[in-house]
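See structure below.
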Amino acid sequence: MAISVVMPALEMAQETGKLLAWRKKEGEPVVKGEPLLEIETDKAVVEVEAPGDGILAGITAQAGAEIPVGQTIAWLVQPGEAPPVQSGPAAPSARGTSAQERAAVTTAAAAPGPSAAAAPQISPKARRLAQELGIDVSQLRGTGPDGVITAEDVQAAANAKVSPAAAPAEGEKLSQIARLMAERTSQSWTTVPHFFVVRDVDATELRAAHQRLGPAIEKSRGVRVTLTDLLIALVARVLRKHPRVNSMWTGQTIRPNPDVNISVAMAVEDGVVGAVIRKADTLEVGEISAQRRDLTDRARANKLRPADISGGTFTISNLGMYEVDAFTAIITPPQAAILAVGGMADRVVPVDGKPEVRPVMTLTLSSDHRVIDGARAAQFMKDLADALRAPNKSLE
Amino acid sequence: MPETAQRELTFAQAVREALAEEMRRDTRVCILGEDVAEAGTPFKVLSGLVEEFGTNRVIDTPISEAGFTGVGVGAAMTGMRPVIDIMFGDFLTLTMDQLVNQAAKIHYMSGGKWKVPMVLRTTLGATRRSAAQHSQSLHAWVSHVPGLKVVMPSTPYDAKGLLKTAIRDENPVVFFEDKMMYKLKGPVPAEDYTIPLGVADVKRAGKDITLVATSSMVQVALGAADLLEKIGIAAEVVDPRTMWPLDEQTLIASAKKTSRVIVMDEGYGRYGVTGELASVISEGAFYSLEAPVKRMGAMHVPIPFSPPLEDLTVPTEQTVFEAARALCGKA
């Protein structure tokens with residue numbers, strides 16, 4: 001029985017994925033779990049593993065193609081078996097159309113419903129300009145009324161395309177992940193209305209909890225508990241009370257997420273990835289530490305799987321270990337917020353009218369104003385500060 | 001001479017001056033209409049003309065638009081250059097056979113042996129609290145007919161220059177004056193000048209959006225452009241000045257320049273002037289447009305007598321401003 005290889009959906013809002021490369025050739029035998037292809041999503045470049053054993057056959061998508069999620073792009077067949085022929089107008093034929101054209105045809109044919117209606121509209125001027133400048137409009141996000149792609153958007157894309165090439169020869173050629181980071185952060189920063197709420201938090205109790213919990217967990221699980229792990233646990237529990245901060249922006253509406261999945265920004269060579277700890281509000285600190293350790297190791301080894309980086313509902317970015325005081329972070333759409341954590345440092349603070357030296361850390365919440373307003377962000381930060389001041393109570 | 005350049009006239013004075021100058025220049029020019037002589041029309045546009053030119057050339061007629069328009073067509077065919085005065089544009093309905101089936105056709109059907117060098121002056125425009133039978137803007141009706149030229153000035157300067165050209169033209173010309181604009185003041189040089197038919201005028205230059213406006217809507221467009229400037233949108237205001245001949249190239253060039261267009265006209269939106277102008281622009285500038293050409297015209301209702309309701313039926317500076325802002329994606 002042939003097994004289909006489909007473009008996976010790694011994100012709730014994801015509509016297409018880009019096929020970067022096949023790791024196996026047509027006709028080559030494949031074992032379940034082996035890396036089969038490499039794809040690019042909104043967030044990262046990931047390897048997709050073979051869904052079963054078989055011989056790779058009937059490849060319909062070539063490297064570089066943008067493919068709707070859920071579409072079959074190849075088959076794993078048994079020796080002597082022919083790949084099934086897809087039915088319907090979407091079936092790729094031997095007419096020699098490019099993979100991209102086929103993908104486009106398939107999108108139109110396979111999605112007569114809402115997604116077809118939601119296809120971005122483009123102005124006549126923008127369409128002409130895109131043709132003249134050789135811009136692929138399917139990659140663009142419109143900034144005109146109702147999201148219409150305007151000539152300005154096309155021109156901006158053309159400028160972005162030209163500038164790396166026009167850069168002096170000694171400029172660094174971007175790796176895949178660096179290029180993705182550049183694209184995603186520019187898109188977020190220029191299209192998401194960010195605002196920032198900053199709060200200093202007395203971390204005396206947090207530090208105490210860290211010192212108390214650390215040795216026990218290290219003993220039982222063999223992982224060193226970091227401050228980030230405690231923050232993940234506490235933030236996740238506070239988010240349970242703030243569903244709006246844990247929501248996503250869909251372009252038209254605000255959609256609450258059923259689970260609290262904390263995405264942890266991790267530095268890797270050439271950039272940053274957001275590795276996800278699912279249902280972190282239900283996990284004990286030890287479990288979070290173990291998962292976070294595993295994710296960190298695999299991120300550094302460039303071995304993250306699609307599931308590791310998908311489905312995050314809120315991001316924590318901690319630069320405390322670099323001794324920064326505070327910073328503002330860029331939101332990862334469709335998430336609505338990201339928490340930037342500064343370093344814990346001793347400061348003189350008034351306690352009961354007297355100066356005392358206490359460990360203090362500065363937290364900065366970046367919020368998407370389409371989802372979260374100032375009061376909601378402030379209330380979340382208040383509850384978070386309370387939780388950090390009494391970590392034991394929150395972690396019970 | 002700076003004094004001359006600075007001279008300001010009202011729209012009504014500019015029309016009167018054009019008529020007086022043409023009547024002095026050419027004795028064949030005469031005026032026929034209701035209350036045109038001693039009364040000088042209800043809008044006092046013609047005051048003083050009968051005193052200078054006498055009742056042989058400024059002729060009060062009975063209340064019979066079909067009749068005296070027919071007299072005008074005949075007079076024009078036999079060598080006069082009549083200027084017919086139809087007090088309210090609404091009464092054009094009574095002149096239709098003479099205009100559409102006679103004046104517009106005779107040159108063609110006689111193989112060029114006859115011509116009808118007649119001007120029919122009339123009014124348009126609502127918001128004068130004149131109710132449904134005295135407030136319509138029916139210029140689309142005559143713009144639809146081959147053989148008629150249609151002129152719609154929006155300033156005193158244009159009114160004088162275009163009316164003189166219309167009187168000298170060898171074809172029937174229908175000349176629309178916005179009755180709310182008669183008191184509008186503007187610079188009008190004292191020396192003789194004319195403005196050719198079929199040449200649009202860019203009343204204000206801009207780069208972000210084009211507001212194509214006719215007659216009464218030109219001032220509205222200019223007011224909206226002031227509001228738009230405050231939010232960083234530079235609107236270009238283009239006045240076609242004549243519905244036929246139509247300066248298509250200027251409209252298309254402006255649309256290509258700004259990529260966004262609103263067409264506004266005080267006639268009814270449906271099947272109206274705005275539809276024609278929008279089509280001309282869409283056909284000529286399609287690949288330069290960022291958005292569909294938007295039309296703004298009178299609401300499809302009999303113009304109400306109630307002032308609050310009447311004011312809702314026509315585009316205003318504010319509604320044009322809002323529409324332009326939305327079109328530019330800044331709403």
Side-chain angles (χ1 to χ4, degrees), chain A residues 104 116-161 186-195 249-254 333-334 368-371 373, chain B residues 206-212 224 227-228 231-236 238 248-264 275 277-296 315 318-331:
Chain A
Q121 289 196 305
I122 178 164
S123 83
K125 181 179 185 179
R127 189 181 294 282
R128 173 178 58 80
L129 201 63
Q131 246 162 29
E132 288 169 4
L133 299 174
I135 299 294
D136 177 7
V137 296
S138 68
Q139 304 295 312
L140 298 183
R141 249 175 83 162
T143 62
D146 300 325
V148 169
I149 298 168
T150 65
E152 222 168 84
D153 301 329
V154 174
Q155 193 61 56
N159 292 346
K161 209 169 92 169
S186 312
Q187 194 177 59
S188 171
W189 186 248
T190 53
T191 61
V192 177
H194 285 67
F195 75 97
W249 176 251
T250 67
Q252 305 292 333
T253 57
I254 296 164
D368 180 343
H369 213 305
R370 297 171 299 191
V371 181
D373 56 36
Chain B
K207 62 174 178 49
D208 298 326
I209 187 169
T210 296
L211 308 176
V212 176
L227 296 175
L228 289 166
I231 59 165
I233 296 174
E236 178 149 299
V238 181
E248 300 187 349
Q249 287 320 309
T250 299
L251 301 184
I252 291 166
S254 178
K256 282 184 173 170
K257 177 171 124 184
T258 65
S259 316
R260 294 178 174 88
V261 184
I262 297 177
V263 179
M264 64 199 81
L277 298 183
S279 286
V280 164
I281 291 164
S282 297
E283 286 166 5
F286 184 77
Y287 295 104
S288 299
L289 292 177
E290 291 277 31
V293 177
K294 183 167 177 62
R295 296 177 292 155
M296 297 183 80
Q318 196 58 37
T319 57
V320 173
F321 167 74
E322 298 295 346
R325 193 161 70 150
L327 210 56
C328 291
K330 295 201 175 179

Give me a line-by-line list of donor-acceptor atom pairs from chain A to chain B that are under 3.5 Å apart, or tell me none exist.
{"unit_1": "A/S123", "atom_1": "OG", "unit_2": "B/L289", "atom_2": "O", "d": "3.4"}
{"unit_1": "A/S123", "atom_1": "OG", "unit_2": "B/E290", "atom_2": "OE1", "d": "2.5"}
{"unit_1": "A/K125", "atom_1": "N", "unit_2": "B/L289", "atom_2": "O", "d": "2.8"}
{"unit_1": "A/K125", "atom_1": "NZ", "unit_2": "B/S259", "atom_2": "OG", "d": "2.4"}
{"unit_1": "A/R128", "atom_1": "NE", "unit_2": "B/Y287", "atom_2": "O", "d": "2.6"}
{"unit_1": "A/R128", "atom_1": "NH2", "unit_2": "B/Y287", "atom_2": "O", "d": "3.1"}
{"unit_1": "A/A151", "atom_1": "N", "unit_2": "B/E290", "atom_2": "OE1", "d": "2.9"}
{"unit_1": "A/A151", "atom_1": "N", "unit_2": "B/E290", "atom_2": "OE2", "d": "2.7"}

What are the two closest heavy atoms between A/P145 and B/A326, and how far apart are they?
-> CG-O, 3.2 Å
Pairing residues for A/H369 by the side chain to side chain contact (heavy atoms under 4.5 Å, CB included) criterion, not counting sequence neighbours = A/P193, A/F195, A/D373
